[in-house]
Enquirer: 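Quick one: structure below, then a few questions.
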Amino acid sequence: VQLQASGGGLVQAGGSLRLSCTAPGFNLDYYAIGWFRQAPGKEREGVSCISSGDGPTYYGESVKGRFTVSRDNAVNTVYLQMNSLKPEDTAVYSCATDTLSNCRGVPRNYLGMDFRGKGTQVTVSS
């Protein structure tokens, strides 16, 4: 199973982007989905997590109040709406799942997730 992040691009500081996470042939509805990012020369960090159903969502401190995670089960897609972008948000963003239904917090261990996939580049210019 490969999760695919898309929607990245180049945006000016203060702008917005919406990322999508899809998984052809795999139903995301039942699982918590985590978003991660990795900037050049830095460790990968957890950004957000959305549970299935009415479970909790979590955000990293650096994105709280600016990013919003959501899901549309009708199209089997999880979104990450990113507003008020800053140059320090520049990174490759990826989505992953540990196939649990609820998030246990901001995701920490990308390599420990059951299913991952290719990321999408987000570049924020100053």
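No hydrogens, no waters, no symmetry mates; every other heavy atom, side chains included, goes into these values. As the structure is a computational prediction, the values presented were derived from the model and not from experiment.
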Enquirer: How close do Ala23 and Asn76 get, counting heavy atoms only, and between which atoms?
Expert: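 Closest pair (atom of Ala23, atom of Asn76, distance): O-ND2, 3.5 Å.
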Enquirer: For Arg104, check salt bridge (Lys or Arg N to Asp or Glu O under 4.0 Å) against everything at least two apart and list the hits.
Expert: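 Salt bridge (Lys or Arg N to Asp or Glu O under 4.0 Å) list for Arg104, sorted by chain: Asp98.
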Enquirer: Just how far is it from atom CZ of Arg116 to atom OG1 of Thr97, taken to the nearest 0.5 Å?
Expert: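 One finds 11.5 Å between CZ of Arg116 and OG1 of Thr97.
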Enquirer: Would you compute the distance between atom CG of Leu19 and atom OG of Ser48 and round it to the nearest 0.5 angstrom?
Expert: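 Here the rounded value is 11.0 Å.
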Enquirer: Could I get the full list of side-chain hydrogen bond (donor to acceptor under 3.5 Å, both in side chains) partners for Thr123, not counting sequence neighbours?
Expert: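 Counting only residues at least two positions away or on another chain, Thr123 forms a side-chain hydrogen bond (donor to acceptor under 3.5 Å, both in side chains) with Gln121.
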Enquirer: Under 3.5 Å, which donor-acceptor pairs link side chains of residues 49-67 to any protein atom two or more places apart or in another chain?
Expert:
from  : atom 1 : to     : atom 2 : distance (Å)
Ser51 : OG     : Pro56  : O      : 2.6
Ser51 : OG     : Cys103 : N      : 2.9
Ser52 : OG     : Ser101 : O      : 3.0
Tyr59 : OH     : Val69  : N      : 2.9
Glu61 : OE2    : Lys64  : NZ     : 2.8
Ser62 : OG     : Arg37  : NH2    : 3.2
Arg66 : NH1    : Ser84  : O      : 3.0
Arg66 : NH1    : Asp89  : OD2    : 2.7
Arg66 : NH2    : Ser62  : O      : 2.8
Arg66 : NH2    : Asp89  : OD1    : 3.0
Arg66 : NH2    : Asp89  : OD2    : 3.4

Enquirer: Under the ring pair (Phe, Tyr, Trp, His ring centres under 6.0 Å) rule, collect the residues that match up with Tyr79, sequence neighbours excluded.
Expert: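 Ring pair (Phe, Tyr, Trp, His ring centres under 6.0 Å) check on Tyr79 returns nothing, list empty.
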Enquirer: Taking all non-hydrogen atoms of both residues, which atom of Ser126 and which atom of Ala13 are closest, and how far apart?
Expert: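 Of all heavy-atom pairs spanning Ser126 and Ala13, the closest is CA-CB, 4.4 Å.
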Enquirer: For residues 2-26, pull every pair meeting ring-ring contact (aromatic ring centres under 6.0 Å, His included), keeping only residues two or more places apart or in separate chains.
Expert: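 Sorted result for residues 2-26: Phe26-Tyr31, Phe26-Phe115.
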Enquirer: With Gln38, which residues qualify under side-chain hydrogen bond (donor to acceptor under 3.5 Å, both in side chains), at least two apart?
Expert: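 Checked Gln38 against side-chain hydrogen bond (donor to acceptor under 3.5 Å, both in side chains); matches are Arg44.
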Enquirer: Which atom pair, heavy atoms only, marks the closest approach of Pro24 to Thr22?
Expert: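 What the structure gives for the nearest pair is CD-C, 4.0 Å.
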Enquirer: Return the set of residues passing ring pair (Phe, Tyr, Trp, His ring centres under 6.0 Å) with Phe36 (not counting sequence neighbours), or none when no residue passes.
Expert: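 Scan of Phe36 (ring pair (Phe, Tyr, Trp, His ring centres under 6.0 Å), adjacent residues dropped) gives Tyr110.
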Enquirer: When clusters are formed from ILVMFWY side-chain contacts under 4.5 Å, directly or step by step, what else is grouped with Val92?
Expert: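 Same cluster as Val92: nobody, lone residue.
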Enquirer: Specify the closest pair of heavy atoms between Arg71 and Val78, including all atoms of both residues, with the distance to one decimal.
Expert: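 Arg71 and Val78 have their closest heavy atoms at CB-CG2, 3.9 Å.
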Enquirer: If you link ILVMFWY side chains whenever their heavy atoms are less than 4.5 Å apart, which other residues fall into the same cluster as Leu10? By chain and number, please.
Expert: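 Its cluster partners, ordered by chain and number, are none at all.
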Enquirer: Determine the minimum heavy-atom distance between Leu17 and Gly7, stating which atoms define it.
Expert: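 Heavy atoms of Leu17 and Gly7 come nearest at CD2-O, 3.9 Å.
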Enquirer: Decide whether Leu28 and Val1 are clustered together by the hydrophobic rule: side chain heavy atoms of Ile, Leu, Val, Met, Phe, Trp, Tyr closer than 4.5 Å, transitively.
Expert: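 Yes; tracing contacts between hydrophobic side chains, which count when under 4.5 Å, links both residues.
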Enquirer: What closest approach, in Å, do Ala39 and Ala91 show between heavy atoms, and which atom pair accounts for it?
Expert: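 Reported closest heavy-atom pair: N-CB, 3.8 Å.
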Enquirer: Tell me, please, which residues at least two apart from Thr68 pass side-chain hydrogen bond (donor to acceptor under 3.5 Å, both in side chains).
Expert: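 Expected list: none.
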Enquirer: Listing request: all side-chain hydrogen bond (donor to acceptor under 3.5 Å, both in side chains) pairs with a residue in residues 2-17, at least two apart in sequence or in separate chains.
Expert: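 Pairs touching residues 2-17 that pass the test: Ser16-Asn83.
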Enquirer: Say you draw a straight line from OG of Ser70 to CD of Gln81; how long is it, rounded to the nearest 0.5 Å?
Expert: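 Between Ser70 OG and Gln81 CD, I get 8.0 Å after rounding to 0.5 Å.
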Enquirer: Do Ile33 and Val106 belong to the same hydrophobic cluster, where Ile, Leu, Val, Met, Phe, Trp and Tyr are linked whenever their side-chain heavy atoms lie under 4.5 Å apart, directly or via other members?
Expert: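 Not linked; separate clusters.
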